[in-house]
Amino acid sequence: MESMIAFDTHAYVKKLRSAGVSEEQAEVQAQAMLELMESRVATKEDFRLLREQMATKEDLRELEARMASKGDLRKIGSRIDSIESRMASKEDLREIGSRIDSIESRMASKEDLKAFVTRAEMYRALLIQTGAILASMFAMLQLM
């Protein structure tokens with residue numbers, strides 16, 4: 001990565017050399033100083049990238065336009081209150097449950113229905129037999 005910081009390492013090395021620091025130590029110090037500055041100091045590029053990520057006044061206006069106003073929030077609250085007032089309370093649900101239990105207790109079971117159908121079929125068969133007997137008796141009476 002190319003350095004964006006204006007730091008003259010050559011001039012820094014020359015100053016250290018004139019102060020009696022060996023050339024090898026001066027170069028190592030200059031490189032260390034440059035790396036420290038590059039890692040800790042914000043560059044113009046860093047600020048450009050930050051500016052791109054920041055919201056502009058126009059962005060804030062658009063966001064504000066999309067947000068619900070206090071009046072809108074009051075309307076929404078009123079609608080919620082209205083819906084809640086129409087919802088069944090716990091007591092209403094308990095009463096409905098009791099009514100359902102009562103109806104279920106009065107309903108015939110499958111076994112009861114099967115027994116009823118069996119009895120109805122027996123009565124039907126008896127009626128058919130009784131009708132046949134009556135028809136036979138009527139026919140006999142006519143022959144007499």
Side-chain angles (χ1 to χ4, degrees), residues 1-140:
M1 178 177 177
E2 193 174 310
S3 172
M4 301 291 266
I5 296 183
F7 177 64
D8 188 353
T9 55
H10 181 68
Y12 185 66
V13 169
K14 281 175 64 175
K15 279 187 182 182
L16 290 175
R17 291 283 297 136
S18 66
V21 176
S22 73
E23 186 169 343
E24 185 181 340
Q25 286 179 336
E27 287 179 10
V28 168
Q29 277 191 8
Q31 186 61 37
M33 183 66 79
L34 179 63
E35 289 172 7
L36 178 66
M37 290 174 73
E38 285 178 345
S39 68
R40 306 275 179 171
V41 178
T43 64
K44 287 181 182 180
E45 178 67 11
D46 293 333
F47 284 114
R48 185 189 68 73
L49 291 172
L50 182 61
R51 207 174 309 122
E52 285 179 4
Q53 294 172 0
M54 291 175 60
T56 64
K57 287 181 182 179
E58 183 61 30
D59 294 335
L60 295 175
R61 278 191 217 106
E62 287 177 20
L63 180 61
E64 190 175 56
R66 289 190 310 220
M67 288 175 47
S69 68
K70 288 181 182 178
D72 293 337
L73 293 176
R74 281 190 206 103
K75 287 178 187 175
I76 292 169
S78 295
R79 287 181 181 169
I80 290 171
D81 291 342
S82 171
I83 291 168
E84 285 178 341
S85 69
R86 288 182 275 161
M87 290 174 56
S89 66
K90 288 181 181 179
E91 293 77 26
D92 294 337
L93 293 176
R94 280 191 205 106
E95 183 180 334
I96 291 168
S98 295
R99 288 181 182 175
I100 290 171
D101 291 343
S102 172
I103 291 169
E104 285 178 341
S105 69
R106 287 181 278 160
M107 289 175 60
S109 67
K110 285 183 180 180
E111 290 77 24
D112 294 338
L113 291 175
K114 285 179 185 175
F116 176 77
V117 168
T118 303
R119 276 187 261 135
E121 288 172 352
M122 285 177 24
Y123 290 136
R124 181 175 173 269
L126 283 173
L127 283 173
I128 291 171
Q129 288 175 358
T130 304
I133 292 171
L134 289 173
S136 297
M137 289 173 66
F138 183 70
M140 284 184 186

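Scope of the values below: all heavy atoms of this structure, side chains included, with no hydrogens, waters or symmetry mates.
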Rounded distance [0.5 Å steps], [atom1] in [X] versus [atom2] in [Y]:
{"X": "T56", "Y": "E62", "atom1": "OG1", "atom2": "CD", "value": "7.5 Å"}
{"X": "I100", "Y": "L93", "atom1": "CD1", "atom2": "CG", "value": "9.5 Å"}
{"X": "Q53", "Y": "L49", "atom1": "CD", "atom2": "CG", "value": "6.5 Å"}
{"X": "I83", "Y": "S85", "atom1": "CD1", "atom2": "OG", "value": "9.0 Å"}
{"X": "I128", "Y": "I133", "atom1": "CD1", "atom2": "CD1", "value": "12.0 Å"}
{"X": "F7", "Y": "M33", "atom1": "CZ", "atom2": "CE", "value": "5.5 Å"}

Check: E91 and R94 side chains under 4.5 Å, non-hydrogen atoms | yes
Start with the C-alpha gap between E121 and R124, add the side-chain angles, then the distance that decides, and say whether salt bridge (charged side-chain N to carboxylate O under 4.0 Å, His left out) holds.
-> CA-CA 5 Å; E121 288 172 352; R124 181 175 173 269; over 6 Å; no
Side-chain donor-acceptor contact under 3.5 Å, S78 with D81 = no
Does a donor on one side chain sit under 3.5 Å from an acceptor on the other, for E27 and Q31?
-> no
Do you know the tightest heavy-atom contact between [X] and [Y]?
{"X": "M54", "Y": "D59", "result": "O-OD2, 4.3 Å"}
{"X": "A55", "Y": "L60", "result": "CB-CD2, 4.2 Å"}
{"X": "V13", "Y": "A30", "result": "CG2-CB, 3.6 Å"}

Any donor-acceptor pair under 3.5 Å from S102 side chain to S98 backbone = no
Is the side chain of D92 donor-acceptor paired with the backbone N or O of S89 at a distance under 3.5 Å, no angle test?
-> yes
Is the number of heavy atoms from other residues, nucleotides or ligands under 6.0 Å of [X] [atom1] greater than 12?
{"X": "E64", "atom1": "CD", "result": "no"}
{"X": "E24", "atom1": "CD", "result": "no"}
{"X": "R48", "atom1": "CZ", "result": "yes"}

Before accepting this row, confirm whether a basic side-chain N of the pair K114/E111 lies closer than 4.0 Å to the acidic partner's carboxylate O.
-> no
